[in-house]
Amino acid sequence: MAAPAASDPSSASPGLAVLDEEDRNRRRAEWRTIAGIVTVVAIASFAFGWTGADDNDAGGHWLSGLQGIVNSLMASVPVIWLELAGARSRLVQRMRQWPFWAFFLAKLAAYVAFFVATIQLTRLLFHPINPQSFGFDARFFEILLFAGAMSLIANVAIEIGRLVGFRELRRLLTGRYARPRQERRVFLMVDMKASTAAAERLGDLQFHQILNMFFNDIAGAAYDHGAEIHKYIGDEVILTWIEAEALRGARCALCPFGIARRIERHADAYRARFGFVPSFRAALHAGDIVSGEMGTMKREIAFIGDTLNTTARLVDVARDCGHDIVVSGDLAGHLRLPPGLRAVPLQAAQLRGKQRPLPLAALELA
């Protein structure tokens with residue numbers, strides 16, 4: 001994507017400072033996810049403390065339950081934050097390149113040491129009102145085992161959420177798509193440019209690495225702008241929104257520029273590792289789609305309909321017309337673009353299988 005990737009969109013146009021607001025939205029969304037998981041863990045910890053209290057304890061069941069909540073907050077907030085936001089740190093990313101067993105053991109050792117410290121600190125805080133042992137007694141190991149179980153459950157939830165998307169996970173659990181339903185959605189398809197030449201030059205291993213880095217930048221921008229990652233297909237990524245969510249604040253139109261900015265931020269790392277900075281083309285389209293769960297052994301939410309096929313063909317149109325971001329005319333007409341971003345009308349495209357040419361526009365920085 002030549003033009004947007006050449007410089008930071010927010011610096012090229014002051015109006016696109018809305019991208020910085022989306023970065024803040026990402027952090028707020030992460031803290032909402034943390035708050036949700038921590039609330040569940042705190043309730044479970046209260047129940048664990050209540051049921052495990054000795055009738056002879058000075059504070060009784062209520063105080064023991066309260067101690068369980070305090071302990072869970074001290075332990076779970078940093079751990080869950082590390083799993084969500086801390087995973088983007090350079091240290092954790094380097095550790096993820098270790099062999100799985102080494103990364104797992106290092107993570108396990110860190111968690112055990114942290115849980116031991118929080119258990120003892122909580123005991124110290126409650127000792128004046130509920131005197132208790134600081135030794136490694138049976139109760140200590142019960143608490144440690146419970147903390148480990150809660151950590152495991154939270155990690156599984158986070159990893160599944162990353163795999164299928166937190167929104168899709170919630171919808172699968174609530175049965176929203178148990179029966180197929182029709183809805184209007186916006187799709188954004190992002191395609192890496194010159195990927196075949198890059199694969200030949202880099203080799204399979206390095207090409208996988210640059211694709212993973214490229215996809216991580218796309219995923220970050222998708223999170224910022226409220227998109228769901230529907231699917232990875234080769235060197236392409238399909239993002240989607242419910243139409244109302246996509247139009248709010250022109251999030252779907254801003255998302256490609258958010259991707260470009262993230263790639264630009266990591267340009268030095270791309271050049272150092274692979275010798276070039278990837279660019280991309282993208283297409284946006286909206287329409288009716290049938291959504292529903294598919295599969296038994298491996299379940300996912302599938303989208304069926306011509307809207308997705310049309311979006312894929314618009315990527316080819318972008319390649320032929322020389323514009324890196326194209327949007328269907330109907331969707332462009334519904335977008336209220338922020339200052340600094342404009343839609344430039346293009347010649348209507350005659351797509352294969354369509355009786356009428358499809359009106360098009362290109363999104364550009366003003």
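The distance from atom CZ of Phe134 to atom CG of Leu124, rounded to the nearest 0.5 Å, is 5.0 Å. Here CG of Asp330 is found 10.0 Å from CG of Leu335. Values are rounded to the nearest 0.5 Å. Going from atom CD1 of Ile69 over to atom OG1 of Thr39 covers 10.5 Å, rounded to the nearest 0.5 Å. Separating the CG atom in Asp217 from the CZ atom in Phe214 is a distance of 8.0 Å, to the nearest 0.5 Å. Atom OG1 in Thr240 sits 12.0 Å away from atom NZ in Lys231 (nearest 0.5 Å). Separating the CZ atom in Arg261 from the CD atom in Glu264 is a distance of 11.0 Å, to the nearest 0.5 Å.
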Test side-chain contact (heavy atoms from CB on, under 4.5 Å) on Gln350 and Arg356; report intermediate values, then the result. CA-CA 7 Å; Gln350 184 64 57; Arg356 298 179 180 178; 6.0 Å; no
Take Ser328 and His285 through the test side-chain hydrogen bond (donor to acceptor under 3.5 Å, both in side chains) and record every step on the way to the result. CA-CA 5 Å; Ser328 59; His285 183 50; 2.9 Å; yes
Carefully, step by step, assess Ser133 and Phe140 under the rule side-chain contact (heavy atoms from CB on, under 4.5 Å). CA-CA 9 Å; Ser133 169; Phe140 169 86; over 6 Å; no
For Phe215 and Ile229, what are the C-alpha separation, side-chain angles and deciding distance, and is it a side-chain contact (heavy atoms from CB on, under 4.5 Å)? CA-CA 10 Å; Phe215 287 168; Ile229 300 175; over 6 Å; no
Could you go step by step and tell me if Asp316 and Arg319 meet the side-chain contact (heavy atoms from CB on, under 4.5 Å) rule? CA-CA 5 Å; Asp316 296 329; Arg319 181 185 298 112; 2.6 Å; yes
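With hydrophobic clusters built from ILVMFWY side chains whose heavy atoms lie under 4.5 angstrom apart, Ile43 does not share a cluster with Phe48. By the criterion of side-chain heavy atoms lying less than 4.5 angstrom apart, applied directly or through intervening Ile, Leu, Val, Met, Phe, Trp or Tyr residues, Tyr111 is grouped together with Phe136 in one hydrophobic cluster. Residues Val40 and Met150 do not share a hydrophobic cluster, defined by chaining ILVMFWY side chains whose heavy atoms lie under 4.5 Å apart. Criterion: ILVMFWY side-chain heavy atoms under 4.5 Å apart, direct or through other members. Under it, Leu145 and Phe114 are not part of a common hydrophobic cluster. Leu337 and Val344 fall into different hydrophobic clusters, where Ile, Leu, Val, Met, Phe, Trp and Tyr residues are linked whenever their side-chain heavy atoms come under 4.5 Å apart, directly or through other members.
The aromatic rings of Phe187 and Phe303 lie perpendicular to each other, with more than 60° between the two planes, well past the 30° mark. Taking the six-membered ring where the residue is Trp, Phe46 and Trp62 present tilted rings, their angle falling between 30° and 60°.
With hydrogens and angles ignored, the 3.5 Å screen pairs a side-chain donor or acceptor of His127 with a backbone N or O of Gln132. Looking only at distances, no side-chain donor or acceptor of Trp50 sits under 3.5 Å from a matching main-chain atom of Leu63. Within the 3.5 Å criterion, the main-chain N or O of Val41 finds a donor-acceptor partner in the side chain of Ser45. Side-chain atoms of Gln206 come within 3.5 Å of backbone N or O of Arg273 as a donor-acceptor pair. Remark: the backbone N or O of Gly135 is paired with a side-chain donor or acceptor of Arg123 at under 3.5 angstrom. In this structure, Thr307 contributes its side chain and Asp288 its backbone to a donor-acceptor pair below 3.5 Å.
Using a 4.5 Å cut-off on side-chain heavy atoms (C-beta onward), Leu188 and Cys252 make no contact. Side-chain contact between Met192 and Glu236 is absent, with no heavy-atom pair separated by less than 4.5 Å. Inter-residue side-chain proximity for Asp306 and Asn309 is flagged as met; some heavy-atom pair is nearer than 4.5 Å. Taking the side chain as every heavy atom from C-beta outward, Phe126 and Val70 approach each other to under 4.5 Å. No side-chain heavy atom of Met74 sits under 4.5 Å from any side-chain heavy atom of Val79. Contact annotation: the side chain of Val237 approaches that of Leu239 to within less than 4.5 Å [non-hydrogen atoms, C-beta and beyond]. At a threshold of 4.5 Å between non-hydrogen side-chain atoms, the residues Phe280 and Asp324 do not count as touching. Taking 4.5 Å as the limit, some side-chain heavy atom of Phe257 sits within range of a side-chain heavy atom of Leu363.
Of the charged side-chain nitrogens involved, at least one lies within less than 4.0 Å of a carboxylate oxygen, so that Glu183 and Arg185 count as a salt-bridged pair. A salt bridge is absent between Asp224 and Arg251; no separation between the charged side-chain nitrogens and carboxylate oxygens falls under 4.0 Å. With respect to the salt-bridge test (charged N to carboxylate O, under 4.0 angstrom), the residues Arg248 and Glu245 do not qualify. We find that Arg313 and Asp320 are not joined by a salt bridge, their nearest charged nitrogen and carboxylate oxygen being 4.0 Å or further apart.
When all heavy atoms of Gly258 and Ala221 are compared, the pair lying nearest together is C-CB, 3.7 Å. Scanning all heavy atoms of the two residues, the minimum distance from Gly49 to Ser64 falls at O-OG, 2.7 Å. When every heavy atom of Leu211 is checked against every heavy atom of Gly234, the shortest pair comes out as CD1-O, 3.9 Å. Between Ala282 and Ala318 the shortest heavy-atom distance is O-CB, 4.3 Å. Considering all non-hydrogen atoms of both residues, Thr118 and Ala75 come closest at OG1-CB, 3.9 Å. Across all their heavy atoms, Pro256 and Ile325 have their closest contact at CB-CD1, 3.6 Å.
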Indicate every side-chain donor-acceptor pair of residues 197-205 with a distance under 3.5 Å to a residue at least two apart or in another chain.
none

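Of the residues Ile233, Thr311, Leu284, the one that meets the side-chain contact (heavy atoms from CB on, under 4.5 Å) test with Met189 is Thr311.
Connectivity analysis of hydrophobic side chains (ILVMFWY, heavy atoms under 4.5 Å, direct or indirect) links Leu358 to Leu314, Val317, Val326, Leu346, Leu351, Leu360.
Neither side chain, Asn212 nor Tyr232, offers a donor N or O lying under 3.5 Å from an acceptor on the other.
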